[in-house]
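Presented below is the structure to which this report refers.
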Amino acid sequence: QMLDCYFGVGAWEVEHMARVKLYKVLSDLRESLWSYVQWGVSTTCSQEFYEEYGVKCFERFTAAAATPQFKAALDQVAVSSNA
């Protein structure tokens with residue numbers, strides 16, 4: 001539905017959905033890295049909060065990156081990028 005709103009109903013390609021899936025997984029890596037930086041520099045929140053949040057996001061990233069769906073999305077984007 002999001003892709004229909006952005007590109008128009010039925011106007012998006014399979015590659016677009018693959019990219020959305022990859023961005024979703026990589027977002028957890030980004031959040032994990034942000035949390036680790038905050039863990040080291042922030043004075044506004046408990047250090048445990050940033051540590052726990054970073055670990056949670058990184059574990060979610062590694063689990064998602066190990067799935068066949070993630071590999072399929074990578075392959076789909078690679079094929080469309082080389083076309």
Side-chain angles (χ1 to χ4, degrees):
Q1 188 176 11
M2 177 186 75
L3 292 175
D4 283 338
C5 289
Y6 189 80
F7 291 104
V9 176
W12 52 273
E13 305 287 332
V14 174
E15 173 206 356
H16 296 126
M17 180 57 78
R19 287 182 184 275
V20 168
K21 290 177 182 179
L22 292 174
Y23 290 146
K24 181 176 185 266
V25 173
L26 292 174
S27 177
D28 276 325
L29 179 59
R30 177 189 48 80
E31 283 293 298
S32 176
L33 294 173
W34 171 85
S35 182
Y36 292 139
V37 168
Q38 293 303 310
W39 181 16
V41 300
S42 179
T43 58
T44 61
C45 206
S46 74
Q47 299 301 306
E48 293 80 23
F49 169 80
Y50 290 117
E51 180 183 12
E52 290 173 13
Y53 183 69
V55 168
K56 176 182 156 186
C57 290
F58 189 74
E59 287 175 347
R60 196 168 46 215
F61 162 74
T62 55
T67 64
Q69 294 85 355
F70 184 77
K71 169 114 174 59
L74 282 174
D75 291 344
Q76 179 61 47
V77 169
V79 166
S80 62
S81 296
N82 292 327

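Starting from 1, each residue takes its place in the sequence as its number.
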Checklist entry - Considering residues at least two apart in sequence or located in another chain, which fulfil the side-chain hydrogen bond (donor to acceptor under 3.5 Å, both in side chains) criterion with Lys24? => result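 None.
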
Checklist entry - For the atom pair CZ (Phe70) and OG1 (Thr62), what is the distance rounded to the nearest 0.5 Å? => result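 If we round to the nearest 0.5 Å, Phe70:CZ and Thr62:OG1 are 11.0 Å apart.
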
Checklist entry - Got a second to check how far Phe58's CZ is from Leu33's CG, nearest 0.5 Å? => result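 Reported to 0.5 Å precision, the distance equals 8.0 Å.
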
Which salt bridge (charged side-chain N to carboxylate O under 4.0 Å, His left out) pairs, counting each pair once, include a residue from [range], with sequence neighbours left out?
{"range": "residues 29-52", "answer": "none"}
{"range": "residues 13-23", "answer": "Glu15-Arg19"}
{"range": "residues 57-75", "answer": "Asp28-Arg60, Lys71-Asp75"}

Item to check | Side-chain hydrophobic cluster, 4.5 Å single linkage: members besides Val9 | outcome: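 Cluster partners of Val9: none, it stands alone.
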
Item to check | Closest non-hydrogen atom pair between Ser32 and Gly54, with its separation | outcome: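 In terms of heavy atoms, the two residues are closest at OG-O, 3.1 Å.
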
Item to check | Residues that Ala64 engages under side-chain contact (heavy atoms from CB on, under 4.5 Å), provided they are two or more places apart | outcome: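 Applying side-chain contact (heavy atoms from CB on, under 4.5 Å) to Ala64 gives Val25.
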
Item to check | Leu3: partners by side-chain contact (heavy atoms from CB on, under 4.5 Å), with sequence neighbours left out | outcome: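 Residues passing side-chain contact (heavy atoms from CB on, under 4.5 Å) with Leu3: Phe7, Trp12, His16, Met17, Val20.
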
Checklist entry - Using 30° and 60° as the class limits, which term best fits the ring planes of Tyr53 and Phe49: parallel, tilted or perpendicular? => result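 Tyr53 vs Phe49 ring planes: parallel.
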
Checklist entry - For Tyr50, which residues count as a ring pair (Phe, Tyr, Trp, His ring centres under 6.0 Å) partner, sequence neighbours excluded? => result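 Per chain and number, Tyr50 pairs via ring pair (Phe, Tyr, Trp, His ring centres under 6.0 Å) with Trp34.
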
